[in-house]
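Taking it in order: structure first as structure tokens, then the write-up.
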There are 2 protein chains.
Amino acid sequence: MNIGDAAQLSGLPAKTIRYYEDIGLIEPLRSANGYRSFRESDLHKLTFLGRARSLGFTIDDCRTLLTLYRDRSRASADVKHVAQDHLACIDRKIVELTEMRRTLSHLVEACAGDDRPDCPILADLAAVAPGQSCVRQSN
Amino acid sequence: MNIGDAAQLSGLPAKTIRYYEDIGLIEPLRSANGYRSFRESDLHKLTFLGRARSLGFTIDDCRTLLTLYRDRSRASADVKHVAQDHLACIDRKIVELTEMRRTLSHLVEACAGDDRPDCPILADLAAVAPGQSCVRQSN
DNA sequence: ACTTGACCTTCCTATGACTGGAAGCATAAG
DNA sequence: CTTATGCTTCCAGTCATAGGAAGGTCAAGT
């Protein structure tokens with residue numbers, strides 16, 4: 001199976017598949033003409049990687065997860081640990097984004113959005129002491 | 001005022017301030033010895049940038065916002081538009097992360113996390129058809 | 001005058017996870 | 001024989017910095 005088919009079936013761009021080979025995540029064989037030749041096991045790994053990446057795991061996490069996947073004597077605790085760390089990371093990002101969202105939506109609501117120059121958004125950006133918000137809300 | 005003081009007062013690393021000059025966000029003067037010399041207006045811009053960045057605006061957004069800030073004849077609608085676009089971007093990210101979080105937390109909960117190799121997390125990563133989740137939940 | 005240490009300068013490299021594109025070989029169809 | 005598609009490698013770019021090397025400047029202390 002050539003890279004085009006592997007891309008089609010795994011849902012990953014060919015570029016990405018080559019990159020994954022570059023960094024040692026997969027090791028497809030080579031045909032006589034130099035083309036990469038993907039086995040079922042390679043395809044399997046690629047879909048595994050695609051799924052893991054879509055859940056936000058880093059490439060490094062993926063490497064670990066692939067290794068655990070191949071290791072029949074793994075402890076599920078090791079897998080769980082990786083997933084829990086990632087989950088905590090996601091939670092931190094959500095908190096950060098939610099905080100941004102809260103502040104920004106207040107500012108957007110307060111802005112008239114007309115032809116006049118007065119703008120509470122710019123006022124906030126400009127007037128704030130480092131690290132301090134001047135947006136005062138009743139809640 | 002040298003870059004160290006500007007960094008202290010703006011809360012930005014000196015490295016970042018030099019970078020901002022590189023990409024044309026600020027234009028501090030130079031002293032006879034070649035050191036950057038920051039005016040009040042430069043410092044003002046730096047805190048503006050720090051605040052905008054902390055709200056997640058891209059550097060490109062910051063450039064636009066700085067221009068609008070300087071422009072006394074701006075329309076607040078233009079500022080609001082930039083902020084609303086960014087808000088929509090944040091919302092998309094939150095949705096994406098929340099979806100990841102949901103799936104991942106189900107998997108983590110389902111994993112025993114003990115010495116045995118059986119692991120629903122790996123099972124999900126391995127068994128899924130591209131783009132499809134096999135985690136079935138009652139909700 | 002000399003040294004130490006803190007501060008400043010520029011320049012180059014690295015990050016993460018790709019993406020785009022150029023130059024060139026392989027293969028299949030018409 | 002040409003054309004078109006697919007494959008190869010290699011190099012550069014993305015975003016917003018961070019790290020570090022090599023060297024100039026300045027104020028204080030001996």
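All heavy atoms count here, side chains included; hydrogens, waters and symmetry mates do not. Lettering follows sequence order; numbering is per chain, from 1. Computed from a predicted model, the values in this text were never measured in an experiment.
Between R36(A) and the phosphate of dT8(D), there is a side-chain N or O to OP1/OP2 separation shorter than 4.0 Å. Not one side-chain nitrogen or oxygen of R18(B) sits closer than 4.0 Å to the OP1 or OP2 atom of dT17(D).
Each of dT9(C), dA18(D), dA16(D) was ranked by its minimum atom distance to the side chain of Y19(B); first place goes to dA16(D). Ranking dC18(C), dA16(D), dG19(D) by closeness to the K15(B) side chain, first place goes to dG19(D). Looking at the side chain of Y20(B), the nearest of the listed nucleotides dT17(D), dC7(D), dT10(C) is dT17(D). Checking dT9(C), dT17(D), dC18(C) against the side-chain heavy atoms of T16(B) singles out dT17(D) as nearest. You'll find that the side chain of I3(A) is closest to dC7(D), out of dT9(C), dC7(D), dT9(D). Across dT8(D), dA17(C), dT17(D), the shortest atom-to-atom separation from the side chain of T58(A) is found for dA17(C).
Relative orientation of the H44(B) and Y69(B) rings is perpendicular, given thresholds of 30° and 60° on the angle between their planes.
Salt-bridge annotation for E21(B) and R18(B): absent, with no side-chain N of the basic residue lying under 4.0 Å from a carboxylate O of the acidic one. Here R116(B) pairs with D114(B) in a salt bridge; the nearest charged N to carboxylate O distance falls below 4.0 Å.
Comparing N2(B) and R53(A) by the nucleotide of DNA chain C that holds the closest heavy atom to each, the one mapping nearer the 5' end is N2(B). With DNA chain D read from its 5' end, the first of the two nearest nucleotides for N33(B) and A14(A) is the one closest to A14(A).
Below the 3.5 angstrom threshold, one finds a donor paired with an acceptor across the side chain of Y35(B) and the base of dG24(D).
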